[in-house]
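Naming: A, B, ... by sequence-line order, numbering from 1 per chain.
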Amino acid sequence: MSKVLSAVAWPYANGPRHIGHVAGFGVPSDVFSRYMRMAGHDVLMVSGTDEHGTPILIAADEAGVTPQELADQNHRIIAEDLVALGISYDLYTRTTTRNHTAVVQELFTGVYDNGYFIEQTTYGAISPSTGRTLPDRYIEGTCPICDYPSARGDQCDNCGNQLDPADLINPRSRINGEVPEFVETQHFFLDLPALADALKVWLDEREATGLWRPNVIRFSQNILEDIRPRAMTRDIDWGIPVPLDGWRDNPTKRLYVWFDAVIGYLSASIEWARRTGDEDRWREWWNDPESLSYYFMGKDNITFHSQIWPAELLAYSGKGDKGGKPGEYGELNLPTEVVSSEFLTMEGKKFSSSQRVVIYVRDLLSRYQPDAFRYFVAAAGPENQDSDFTWSEFVRRTNDELVAGWGNLVNRTANMIAKSFGEIPAAGELGAEDQALLDHVDAAYGVVGDLIGRHRQKGAIGEAMRAVAEVNKYVSDNEPWKLKGDDERERLGTILHVVAQCVADLNRILSPFLPFSANAVDAVLGGSGEVQPMPRLEEADDLDGGAGYPVITGDYTGAARWERSPIKVGTPVSKPVPVFTKLDPAVVDEELARLTS
RNA sequence: GGGGAGGUAGCUCAGUCGGUCAGAGCAGAGGACUCAUAAUCCUUGGGUCGUGGGUUCGAGCCCCACCCUCCCUACCA
């Protein structure tokens with residue numbers, strides 16, 4: 001049994017999340033975590049809402065509310081959506097807690113004391129009316145290269161060239177149209193070059209495991225070649241104060257997201273431990289070098305997780321070129337594996353809220369079962385390359401694979417048992433093909449589990465579904481419905497017992513992917529319906545006297561084990577109600593109409 | 001401009017170390033069956049593996065060039 005940290009990307013609080021987001025980090029991390037718990041590992045799964053930064057400020061201004069109010073609203077929406085998807089966080093929190101502020105500041109102090117911050121003067125744009133940094137992408141003007149009048153400060157959408165906002169002709173703020181002011185400003189830069197050697201050692205070691213996805217390790221190694229200091233503070237008033245004299249009370253200097261959100265993995269772990277009443281318990285996952293940590297995210301976040309965050313951990317632990325010693329948190333573990341997904345597209349196009357190419361999690365779940373979506377993501381999601389969500393494919397996967405394959409097997413099994421015995425029958429003597437099927441399905445625990453452990457969920461669910469087909473074939477081959485005579489009753493009982501055992505096994509094997517229906521299927525076969533425990537939304541007090549907030553938490557110790565458990569002969573089984581809902585093909589057109597209306 | 005990924009059956013994709021690697025599912029065609037949400041099971045057609053070279057006894061697989069698609073590109077979180 002290992003300590004396993006499941007570190008899940010922090011959704012940004014500028015609005016509700018769409019299905020592309022949760023396909024990238026939510027479903028894969030939950031499948032992995034549920035499986036690892038079943039396999040007997042001690043999993044700590046944490047995440048939260050990322051609430052600071054310029055886009056929140058702008059969205060709040062537009063909505064006429066304070067940034068905190070906006071973040072409050074969206075944090076709640078996002079958390080509700082994640083619960084509805086069944087993502088089994090031990091703690092899902094947020095970045096505006098006092099705990100998080102304290103942890104971030106402790107990390108800053110540790111990195112600072114070890115000498116890995118460089119103070120530099122930079123030249124950047126600010127908004128004259130607010131004094132806030134104006135990020136490059138929020139400045140527009142005429143492109144100095146192609147004269148395109150609406151070039152962005154970072155890049156011209158017309159000619160594609162990278163730009164420096166100071167070179168724009170007639171620069172103006174995209175937020176309020178005012179002319180930006182270019183000023184000199186002081187910032188702390190993380191001295192990444194001083195950590196590059198240590199990062200390289202770590203990455204080489206990770207590469208040698210052969211476990212990382214090829215594109216992730218390659219990308220990570222690649223960006224190491226051109227490494228330079230990166231600013232960890234901003235001129236902004238919405239964020240965590242810099243814990244140094246002269247900076248602490250300066251209302252326009254705040255820590256940047258790169259020294260804020262990623263630290264949430266640690267602060268959430270600490271918050272979780274404090275809430276359990278054993279406040280040092282987080283150390284089992286962070287200080288013990290034997291502990292494993294898996295970080296789940298979309299590919300746009302690889303840089304954060306394979307460079308910035310490990311660099312911060314190394315700097316805090318005093319393990320870069322400049323030496324140093326760990327702060328009060330001790331030496332902290334670097335990621336075991338950065339598990340990055342690619343992107344989901346939507347009917348062939350990039351998700352875009354502004355262009356209405358979007359399906360929000362909430363909308364999807366208001367009309368469809370969460371497990372149908374989870375099945376789609378596991379079977380056809382952006383695991384290794386971008387993949388496309390189309391309504392027709394969603395309907396097809398749901399109807400032809402999930403309902404017709406698995407759902408129907410459950411249903412026909414329960415129906416036959418209910419009709420002929422009314423309870424799980426005992427098996428007589430097993431024939432060769434009975435035993436072969438039982439062995440085949442039992443072996444699926446190993447095959448599927450191994451694939452999930454290696455983050456090959458498409459392959460894993462494919463193997464599970466292949467086993468489903470085997471059982472369907474066994475039923476067809478043995479034609480139990482023809483065994484009506486008294487002299488055939490023992491054989492009938494044997495066949496139905498074998499099938500029921502296989503269905504119970506496959507239900508466990510599929511349960512990390514389909515947790516809601518796993519519980520329902522278990523109940524159909526007369527079980528307690530407690531294969532997969534569910535997360536719950538809870539109103540929590542801030543541990544340090546701040547405002548309360550909703551968190552996601554749960555007790556997952558009751559999850560079924562990842563191994564065969566013999567079914568109980570005599571368990572009553574009544575005529576089942578179908579667990580899975582077949583979709584009307586008309587929803588394809590309905591949904592497409594909804595997209596364009 | 002630089003970096004990365006991908007182009008395999010009508011569709012979605014598997015193909016690990018170069019040697020039954022020309023595959024699966026779905027869709028199409030035919031059949032069986034009726035326990036089951038018209039579900040299931042069996043049979044079957046279909047591909048110059050992006051293009052052109054090269055290495056090799058042998059290449060989706062390795063090398064070179066080219067074409068096409070997508071992603072990233074460091075103050076965007």
Trainee: Please state whether the rings of A:F389 and A:W391 are parallel, tilted or perpendicular, taking 30° and 60° as the class boundaries.
Mentor: perpendicular

Trainee: Looking at A:Y256, does any N or O in its side chain come under 4.0 Å of the phosphate oxygens OP1/OP2 on B:A77?
Mentor: yes

Trainee: Using a 3.5 Å limit for the pairing distances, which stems of at least 3 consecutive Watson-Crick or G-U wobble pairs does RNA chain B take part in?
Mentor: B:1-7 with B:67-73, B:10-13 with B:23-26, B:28-32 with B:40-44, B:50-54 with B:62-66

Trainee: Expressed in angstrom and rounded to an integer, what is the separation of A:I308 atom CD1 from B:C76 atom P?
Mentor: 14 Å

Trainee: Mind checking the P distance from B:C26 to B:C41? Whole angstroms is fine.
Mentor: 8 Å

Trainee: For A:E463 and B:G15, give me the distance from atom CD to atom P, rounded to whole Å.
Mentor: 12 Å

Trainee: Between B:G4 and B:A14, how far apart are the C1' atoms? Round to whole Å, please.
Mentor: 22 Å

Trainee: How many whole angstroms separate atom CD of A:Q307 from atom P of B:C75?
Mentor: 13 Å

Trainee: Can you tell me whether the base of B:G60 sits syn or anti, using the 90° cut around 0 to define syn?
Mentor: syn

Trainee: Does A:R397 pair with A:E393 as a salt bridge, N-O distance under 4.0 Å?
Mentor: yes

Trainee: Can you tell me, in whole Å, how much space there is between the C1' of B:G47 and that of B:G3?
Mentor: 33 Å

Trainee: For A:T54 and for A:R396, find the nucleotide of RNA chain B with the closest heavy atom, then tell me which residue's nucleotide is more 5'.
Mentor: A:R396

Trainee: Cation-pi between A:R374 and A:F513: NZ/CZ under 6.0 Å from ring centre and within 45° of the ring axis?
Mentor: no

Trainee: Please report the distance, rounded to the nearest Å, between CZ in A:R230 and C1' in B:A77.
Mentor: 12 Å

Trainee: Using distance alone, with no hydrogens and no angle criterion, decide if A:T49 and A:Y92 have a side-chain donor and acceptor under 3.5 Å apart.
Mentor: yes

Trainee: Would the A:F117 and A:F108 ring centres measure less than 6.0 Å apart?
Mentor: yes

Trainee: Considering every strand and a 4.0 Å limit on heavy-atom distances, what is the contact class for A:H52: base, sugar-phosphate, or nothing?
Mentor: sugar-phosphate

Trainee: Quick one: list whatever passes salt bridge (charged side-chain N to carboxylate O under 4.0 Å, His left out) with A:K473, sequence neighbours left out.
Mentor: A:D477

Trainee: For the pair made of CD in A:Q221 and P in B:U73, what is the distance, rounded to whole Å?
Mentor: 19 Å

Trainee: So, A:T233 and A:H187: side-chain donor and acceptor under 3.5 Å apart, yes or no?
Mentor: yes

Trainee: Measure from NE2 on A:H75 to P on B:A77 and round the result to the nearest Å.
Mentor: 21 Å

Trainee: How would you list all residue pairs meeting salt bridge (charged side-chain N to carboxylate O under 4.0 Å, His left out) that involve residues 574-585 of chain A, not counting sequence neighbours?
Mentor: none

Trainee: Rounded to whole angstrom units, what separation is found between the CE atom of A:M297 and the C1' atom of B:C71?
Mentor: 16 Å

Trainee: Using the P atom as the point on both nucleotides, what is the distance between B:G60 and B:G19, in whole Å?
Mentor: 10 Å

Trainee: Is it the case that the ring center of A:F296 lies less than 6.0 angstrom away from the ring center of A:H455?
Mentor: yes

Trainee: Quote, to the nearest angstrom, the C1' distance that separates B:U44 from B:C62.
Mentor: 37 Å

Trainee: Strictly under 4.0 angstrom, non-hydrogen atoms only: write out the protein contact profile of nucleotides 32-45 of chain B, one letter per nucleotide from the 5' end, B, S or -.
Mentor: -SSBBB-SSSS---

Trainee: If the C1' atom of B:G15 is compared with that of B:G25, how far apart are they to the nearest Å?
Mentor: 15 Å

Trainee: Can you check the A:M232 CE to B:C76 C1' distance for me, whole Å?
Mentor: 14 Å

Trainee: Between B:A39 and B:C35, how far apart are the C1' atoms? Round to whole Å, please.
Mentor: 10 Å

Trainee: Could you pull out all residues at least two apart from A:F219 that satisfy ring pair (Phe, Tyr, Trp, His ring centres under 6.0 Å)?
Mentor: none

Trainee: Applying a 4.0 Å non-hydrogen cut-off, can you work out what A:D50 is touching in the nucleic acid: base, sugar-phosphate, or nothing?
Mentor: sugar-phosphate

Trainee: Could you list the protein-to-nucleotides 4-14 of chain B atom pairs, N/O on both sides, closer than 3.5 Å?
Mentor:
| unit_1 | atom_1 | unit_2 | atom_2 | d |
| --- | --- | --- | --- | --- |
| B:A5 | OP1 | A:R218 | NH1 | 2.0 |
| B:A14 | OP1 | A:Q385 | NE2 | 3.3 |

Trainee: Quick check, are the ring centers of A:Y265 and A:H305 under 6.0 angstrom apart?
Mentor: yes

Trainee: Please give the distance between the C1' atoms of B:A22 and B:C13 as a whole number of Å.
Mentor: 15 Å

Trainee: Distance alone, cut at 3.5 Å: any donor-acceptor contact between the side chains of A:Y474 and A:D434?
Mentor: yes

Trainee: Within the structure provided, determine whether A:I227 and A:L199 are in side-chain contact (heavy-atom separation under 4.5 Å).
Mentor: yes

